Amino acid sequence: MPVTTLPASRSEAATPRQHHRRYLMCRPEHFTVSYRINPWMEPARPTDTALALRQWQALYDTYLALGHEVELIDAVPGLPDMVYTANGGFTLDGVAYGARFRFPERAAEADHFNTWFTGHGFDLVVPQEVNEGEGDFLLAGDLILAGTGFRSTGDSHREVAEVFGREVVSLTLVRPHFYHLDTALTILDPVVAEGGTATVAYLPEAFDDASLGVLADLFPDAIRVGAEDGAVFGLNSASDGRNVLVSPRATGFAAQLAERGYNPVTVDLSELLLGGGGIKCCTLELRG
Ligand code: ARG
């Protein structure tokens, strides 16, 4: 990793520092594409479950090699999308706000995740409103960034604000291929230096104009990612504050990360992209 000198304009930005993470993942034992609830999914196209398992294993192994903890939830036959654990809920301060899926095909996953949360020491809040967990809720410092437009409703943004007593910033997604917030925005470091803001990267084309204004105000230093990197799910990345796990096809984004002093670590989940998910989708952060 070459030593990177921060440009003068960013001299106050702290050098990226790694934070320990605890994640929940689900082995894609039953992975396939048997229905279509996002534009990436084509049920007629064959999937290779063995390949999905090998690619998923590489992600799991990478987290462990970086020193993180990974918990597992059992895969359930007939629920092929359960591998995308980010949608299973949103956790903060030992509280798990459960999911309520938009489409009936995934509805049954919610109870399995809820059972996991209560069995692992989380206080469970069963939601009234439709929301798809960390797919649409991302912690940025004290703020919760919340996506809407395709899956989680605006009412769930109000609900999550009440549950956690945090300020929630609503962002509207407008491109069907980027239907969850975590497909269009990555939190690079949620820890905020005194007087600063969390560091994020995002795909401008995925948001409406009002949301772009909000993002520009909140995160003037954000990395704006190009369309080509967005199209290979480059934004569906997981960062520990220093190491950023990113698709090997998002070469432009990886270069932008390296320029800022982050360490891009490539993991290829091409088979899981057939279901419309990538690295972040397969990763739920557990904040006890
Ligand atoms: N097939 C899944 C769905 O459409 C993919 C979910 C991806 N998850 C995510 N956090 N973006 O619901």
Side-chain angles (χ1 to χ4, degrees), residues 23-45 47 49 52 55-56 59 73 75-76 78-91 96-110 112-113 130-139 144-153 156 160 171 173-187 201-203 206-207 225 230-239 245-247 250 267 269-286:
Y23 293 133
L24 179 64
M25 295 179 68
C26 178
R27 209 169 254 123
E29 281 162 26
H30 308 291
F31 175 73
T32 187
V33 175
S34 53
Y35 49 80
R36 181 179 165 95
I37 58 172
N38 70 55
W40 304 87
M41 301 174 87
E42 287 177 33
R45 185 171 167 182
T47 49
T49 306
Q55 293 183 336
W56 177 95
L59 177 63
I73 181 170
V76 177
L79 296 177
D81 277 343
M82 222 174 137
V83 59
Y84 306 115
T85 52
N87 301 125
F90 177 76
T91 70
Y97 172 67
R100 185 159 169 188
F101 287 88
R102 162 78 59 179
F103 296 109
E105 288 88 341
R106 296 195 67 183
E109 292 179 40
H112 294 287
F113 283 105
V130 169
N131 83 88
E132 298 196 349
E134 206 168 56
D136 276 323
F137 297 121
L138 296 172
L139 185 68
I144 297 172
L145 304 184
T148 190
F150 296 99
R151 299 293 179 91
S152 303
T153 60
S156 75
V160 89
L171 299 168
L173 298 161
V174 293
R175 296 287 179 100
H177 278 89
F178 306 102
Y179 55 92
H180 279 138
L181 183 61
D182 73 356
T183 67
L185 187 145
T186 309
I187 307 292
Y202 62 90
L203 177 68
F207 295 92
V225 176
V232 294
F233 258 30
L235 273 304
N236 197 245
S237 293
S239 172
L245 278 63
V246 58
S247 161
V267 179
L269 293 189
S270 59
E271 198 61 20
L272 290 153
L273 189 54
L274 301 180
I279 292 168
K280 179 65 192 75
C281 300
C282 295
T283 309
L284 175 66
E285 191 166 350
L286 298 169

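For the numbers below, each heavy atom of this structure counts, side chains included, while hydrogens, waters and symmetry mates do not. Order of appearance sets the numbers: ligands from 1, and atoms from 1 within every ligand. As the structure is a computational prediction, the values presented were derived from the model and not from experiment.
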Do E134 and K280 sit within salt-bridge range, that is, some charged N less than 4.0 Å from a carboxylate O? yes
Partner set under ring pair (Phe, Tyr, Trp, His ring centres under 6.0 Å) for H177, not counting sequence neighbours: W40
Indicate the ring-plane relationship of F178 and F233, choosing parallel, tilted or perpendicular according to the 30° and 60° boundaries. tilted
Consider only side-chain N and O atoms of T186 and S237, and report whether a donor and an acceptor are under 3.5 Å apart. no
Neighbouring residues of ligand 1, heavy-atom cut-off under 4.0 Å: I37, N38, M41, D81, Y84, A86, N87, R106, G135, R151, Y179, H180, D182, T183, G275, G276, C281
Any non-hydrogen side-chain atom of E105 less than 4.5 Å from a side-chain atom of D81? no
Rounded to the nearest 0.5 Å, how far does SG of C282 lie from CZ of F31? 8.5 Å
